[in-house]
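Because the structure is predicted, anything quoted here is derived from the model rather than measured. Within every chain, numbering begins at 1; the chains are lettered A, B, ... in the order of the sequence lines, protein sequences first and strands thereafter.
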2 protein chains.
Amino acid sequence: MSANPDLLGKSRTAVFTPLYKQIKQLLVSSLEQGEWKPGELEFARNELAGRYHVSQGTVRKAIDELAGENLVVRRQGRGTFVATHQEPRAQFRFLRIVPDQGEPVAAHSRFLSCSRARADAEVAQRLGLRSGAAVIHVRRLLSFDEVPVVLDDLWLPAAIFKGLTAERLAAHHGPLYGLFESEFGTRMIRAEERLKALGADADTAAALKIDRGTPVLLVDRVSYTYGDRAVEVRRGWCLTDRFHYRNALS
Amino acid sequence: MSANPDLLGKSRTAVFTPLYKQIKQLLVSSLEQGEWKPGELEFARNELAGRYHVSQGTVRKAIDELAGENLVVRRQGRGTFVATHQEPRAQFRFLRIVPDQGEPVAAHSRFLSCSRARADAEVAQRLGLRSGAAVIHVRRLLSFDEVPVVLDDLWLPAAIFKGLTAERLAAHHGPLYGLFESEFGTRMIRAEERLKALGADADTAAALKIDRGTPVLLVDRVSYTYGDRAVEVRRGWCLTDRFHYRNALS
DNA sequence: TAGTGGTCTAGACCACATA
DNA sequence: ATGTGGTCTAGACCACTAG
């Protein structure tokens, strides 16, 4: 085949990196820089194969991995699209609290506060900021069928989420991550959670209308965007009397 | 190319099933029937391509999916192997409780009881048995560094785990699923868990050396083997003061 | 009808492990 | 040296969607 002037040769480097991995990285970089917005992706198999001077199969393998990491969505006959948290299929990817009985149901958010604050040592460390850096603190109550179930505290880097206010939060409908993605150009890719059981504190008890000390599920999350950059710390206290956290081990 | 007398034609059926899916299913059936034991897999790409009269790429795609589902493990230069719970890489796939500080550490099991029983309505339903069917009930205490952390109750279909006794459990070393796989020919493929926070009952409190009512994490699991057959119900009470349940959302 | 993703081929060569 | 998995090609055809 012809040369790939933009890419590394096949076996001339000290550490071998497959062609499709290089292509994937190029595509991720383009996504990261917002070259394509959520919606249709400007690349088709043939076009990219031409652009990078590789075969269609190699491009396909790169996109295979992007699809596996939920960065893009493929629809047969239509095209490949930048994934978005607005889509129904993404709704329950980051929401694991579901009712014991019946089908998963959409949650309703009520925002209790949204204010600028300074990151304490722990939040700063987890967000990769210096201690005392400006953050935005959001407190919200998640309800299912009018029943309050989760009290969430969020800490977001102010540098990224500048302009996030209680009003904008209240005006938004749909998943919070959908707002972050469309209004602040920050798309959550993955998250790590730590779960513990502990007794409800005063705030939690009041918000969830339970007694202090009632066992609640603490869900402690760090969310990451492109390039494994931590951009959200979230701590939720969940009442699990008629709800549970569901997880699949595979 | 030549015909595939054993497989469906490419586009002559009402519902189109890709060749590699058919091959994958054949391989899963062989695994299920124990045609290959954990250890080396008797197929190499070339051999299978010949056996099924398809190209190597198609066989590869079938094995790709098996590897993705952790049914087999590929090792470059060596071969493809039936996955086993004995391997180190599988150790923490079904064990999500880890210490808050420091690296994940191996757990130590102490078996408190192992007896035949009759399945109550709930366990029977979840195992796909009739109510009152014979099951084996195991109770064990999981400790990390001599500290008791999890009290587990297991219910297993007696028909499958016939001969499981406290002695055999005590004599075994390593993951429990390793024993099930090597001694009872039943390999756990995936599991579904429900997590709740609740107060410790008397048994749990005694075993974990805590007060009654102390918040503990309830981990309720159903495990499945080949063909999505439920073969274990497990309920664990976890003390999460210095440990947590970790989960990755992706 | 055209364009997209999805499958499949036949063969080549590279990377890695083992004997 | 041999055999394994891993990558890559160039092209073909099928399945699906939309104009």
Fill in: pair N247(B)-Y245(A): side-chain heavy atoms closer than 4.5 Å
yes
Quick one: side chains of residues 102-109 of chain B, donor-acceptor pairs under 3.5 Å with protein atoms, not counting sequence neighbours, listed by atom name and distance.
residue: S109(B); atom: OG; partner: R140(B); partner atom: NH1; Å: 2.9

Worksheet item: Where the side chain of T58(B) is defined as all heavy atoms beyond and including C-beta, which of dT7(D), dT9(D), dC8(C) is the nearest nucleotide?
Response: dC8(C)
Worksheet item: For dT7(D), does OP1 or OP2 lie under 4.0 Å from any side-chain N or O of K61(A)?
Response: yes
Worksheet item: Rounded to the nearest Å, what distance is computed from the OH atom of residue Y52(A) to the C1' atom of nucleotide dT9(D)?
Response: 19 Å
Worksheet item: What residues, two or more places apart in sequence or in another chain, satisfy salt bridge (Lys or Arg N to Asp or Glu O under 4.0 Å) together with R221(B)?
Response: E193(B)
Worksheet item: From dC8(C), dT9(C), dA10(D), pick the nucleotide closest to the side chain of V54(B)?
Response: dT9(C)
Worksheet item: Distance check: side-chain N/O of T80(B) vs OP1/OP2 of dG5(D), anything under 4.0 Å?
Response: yes
Worksheet item: What residues, two or more places apart in sequence or in another chain, satisfy salt bridge (Lys or Arg N to Asp or Glu O under 4.0 Å) together with R229(B)?
Response: none
Protein-nucleotides 1-3 of chain C N/O pairs under 3.5 Å:
residue: dG3(C); atom: N2; partner: G77(A); partner atom: O; Å: 2.9

Fill in: Y20(B) side-chain N/O to dC8(C) phosphate OP1/OP2 under 4.0 Å
no
Item to complete: Would you mind reading off the distance between R60(B) atom CZ and dT7(C) atom C1', rounded to a whole angstrom?
Response: 16 Å
Worksheet item: Rounding to a whole Å, what distance do you find between D64(B):CG and dC8(C):P?
Response: 13 Å
Worksheet item: Applying salt bridge (Lys or Arg N to Asp or Glu O under 4.0 Å), which residue pairs with at least one partner in residues 79-98 of chain A are found, sequence neighbours left out?
Response: R75(A)-E87(A)
Worksheet item: Counting side-chain heavy atoms from C-beta on, which of dG6(C), dA10(D), dC8(C) comes nearest to R74(A)?
Response: dG6(C)
Worksheet item: Salt bridge or not for D64(A) and K61(B), using N-O below 4.0 Å?
Response: no
Response to the item:
One would report the end-axis bend of the helix from dT1(C)-dA18(D) to dT18(C)-dA1(D), five pairs per end and rounded to 10 degrees, as 10°
Worksheet entry | Pairing of R190(A) and E69(A) as salt bridge, 4.0 angstrom limit | no
Fill in: Sub-4.5 Å side-chain heavy-atom contact between L169(A) and L176(A)
yes
Item to complete: Looking only at side-chain atoms of F16(A), point me to the closest of dT9(D), dT7(D), dA15(D).
Response: dT7(D)
Worksheet item: Between K196(B) and F243(A), is there a donor-acceptor pair closer than 3.5 Å when you use the side chain of the first and the backbone of the second?
Response: yes
Practice prompt. Specify the separation, in whole Å, of atom CD1 of I63(A) and atom P of dT4(C).
Written response: 12 Å
Worksheet item: Which whole-number value in Å describes the distance from L19(B) CG to dC14(D) C1'?
Response: 12 Å
